[in-house]
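Numbering of ligands and ligand atoms starts at 1, following listing order.
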Amino acid sequence: MGPILFATLFAGLTLSSHLRRAYGNSSPPPPLRFTSNGTFQISVFEDLHFGENAWDTWGPQQDINTVKVMNQVLDAETQQLVVLNGDLITGENAYLENATVKIDQIVAPLLARGLTWASTYGNHDSQYNLSRHAILAREHRWPRHARTQQMVHGPDAGVSNYYLPVYPSTGNTDEPCLLLWFFDSRGGFHFQQRNASSGAHIGQPDWVDQSVVDWFEATNARLTAQYNRSSIPSLAFVHIPTNASQAAQMSPAGIDPRRQPGINDDAPNLAQQAQGWCEDGSNGPECVYGGQDAPFMRALASTKGLMAVFSGHDRGNTWCYKWDGVLLGMEVEGNGVNLCFGQHSGYGGYGNWGEGV
Ligand SMILES: *[C@@H]1O[C@H](CO)[C@@H](O)[C@H](O)[C@H]1NC(C)=O
Ligand SMILES: *[C@@H]1O[C@H](CO)[C@@H](O)[C@H](O)[C@H]1NC(C)=O
Ligand SMILES: *[C@@H]1O[C@H](CO)[C@@H](O)[C@H](O)[C@H]1NC(C)=O
Ligand SMILES: *[C@@H]1O[C@H](CO)[C@@H](O)[C@H](O)[C@H]1NC(C)=O
Ligand SMILES: *[C@@H]1O[C@H](CO)[C@@H](O)[C@H](O)[C@H]1NC(C)=O
Ligand SMILES: *[C@@H]1O[C@H](CO)[C@@H](O)[C@H](O)[C@H]1NC(C)=O
């Protein structure tokens, strides 16, 4: 009797949780919390670049290899959150009718472990056949697991701009002790838009928009006031680094492997926000760097409590640089925030550096 009753109960539980999944328990994921050990671990994947050359065998095989990297890392670590820091898909190769189907393959290793994730979108996530809005909608097929949001709705804001509070495990458990900021550095090309005369795809600016900077500063001020704090410790994620990272690399001391460990192969001048644009907002072949990321850099450098900014994009760089003071040629003064690159995680995209997280 005992085992049969147990089996029946178990089948009932499995069925009801299965039904909940299938028929929409659409409540958001539970709040993020530090562990009882006082830790909060984040695994940051970036430049996954799924979906290259679906019509060849090497493209799909590359994605299978990337899933293996994800599985190995997720098993080795004890993360409370996974961040997908841009270029999830190589949108140039996407078909209009199923452009976001690769999201299912990306999130499967996370769903299998009951993990939740938060994305920023990169330049390859906006292409003629692929839109950021479509990726967000696809992620939200798993509303209990996807934490990606759009909190700024202007026409030039991009999509993946939002913050996530992280709460302590004990003590005042209703007050965030860490904020995670996610910014959309845009780039790539506008969805289904062509130049009427030339037929060319239309480029999307590749920096964090002023409207997002304004939202960031106002929201951070509101939160610190709400909790009566002079600052709240925070981390930021954005796919394309700012010019400050290039200025660090170009500074006389440069990136020193003893003080800034990691590879520095996208050198001497790494690709930064506003690359390929002119100051007047045009993006002809003569444009190198338009400087439109200056407001975002100023906001990062003046946000108290911001400990580090994590970027991808430059897949040949994995160092962190503590931005303190004025870097050669720059006006914006760093306040000690760490500018970090992660390890590129996908087999797609340029370069053959080891995949990792
Ligand atoms: C806390 O740390 C111990 C020892 O390292 C580990 O076994 C345990 O899994 C950790 N707990 C959490 C919730 O991370
Ligand atoms: C976009 O999708 C359409 C429909 O699948 C396809 O014919 C086309 O080659 C794709 N790529 C571009 C750049 O238009
Ligand atoms: C996406 O659509 C293309 C063209 O219709 C097709 O060849 C391809 O197999 C589809 N990809 C997936 C993963 O379903
Ligand atoms: C469209 O292309 C033409 C010819 O290359 C160019 O002169 C024009 O500025 C383009 N228009 C837009 C809106 O990009
Ligand atoms: C805010 O914090 C300050 C300094 O810690 C304290 O003096 C003040 O009473 C607090 N205000 C409120 C409304 O809790
Ligand atoms: C961008 O960085 C370069 C160093 O690579 C520096 O010379 C230039 O002044 C910087 N510009 C801005 C607007 O930060």
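- For atom 8 (C) of ligand 5, the closest non-hydrogen atom of the protein is Asn228 ND2, 3.7 Å.
- Under the 4.0 Å criterion applied to side-chain N and carboxylate O atoms, Arg258 and Asp256 are assigned as salt-bridge partners.
- Between Asn129 and ligand 2, a contact under 3.5 Å exists for at least one N or O pair.
- What sits closest to atom 6 (C) of ligand 4 on the protein, heavy atoms only, is Asn195 ND2, 4.1 Å.
- No more than 12 heavy-atom neighbours from other residues, nucleotides or ligands sit within 6.0 angstrom of CG on Asn352.
- Inclusion of Glu97 in the set of residues having an N or O under 3.5 Å from an N or O of ligand 2 is warranted.
- Proximity of the aromatic rings of Phe34 and Phe40 is defined here by a centroid distance below 6.0 angstrom, and this criterion is met.
- The protein reaches atom 2 (O) of ligand 5 closely, with a heavy atom under 4.0 angstrom from it.
- For Phe237 and Trp181, the ring centers sit 6.0 Å or farther from each other.
- Near Ser197, meaning under 4.0 Å from one of its heavy atoms, ligand 4 places the atoms 1 (C), 2 (O), 3 (C).
- Counting heavy atoms closer than 4.0 Å to ligand 2, residue Tyr128 contributes side-chain atoms (C-beta onward) but none from N, CA, C or O.
- Ion pair Glu175/Arg229 flagged as a salt bridge, since at least one NZ, NE, NH1 or NH2 atom sits closer than 4.0 Å to an Asp/Glu carboxylate oxygen.
- Aromatic rings of His49 and His124 (six-membered ring for Trp) have centroids within the 6.0 Å cut-off, being under it.
- Nearest non-hydrogen protein atom to atom 5 (O) of ligand 4 is Ser198 CB, 4.0 Å.
- Remark: atom 11 (N) of ligand 5 lies closer than 4.0 Å to at least one protein heavy atom.
- For Tyr163 and Phe182, the ring centers are positioned 6.0 Å apart or more.
- Taking a distance limit of 4.0 Å, we find that atom 14 (O) of ligand 5 is approached by some protein heavy atom.
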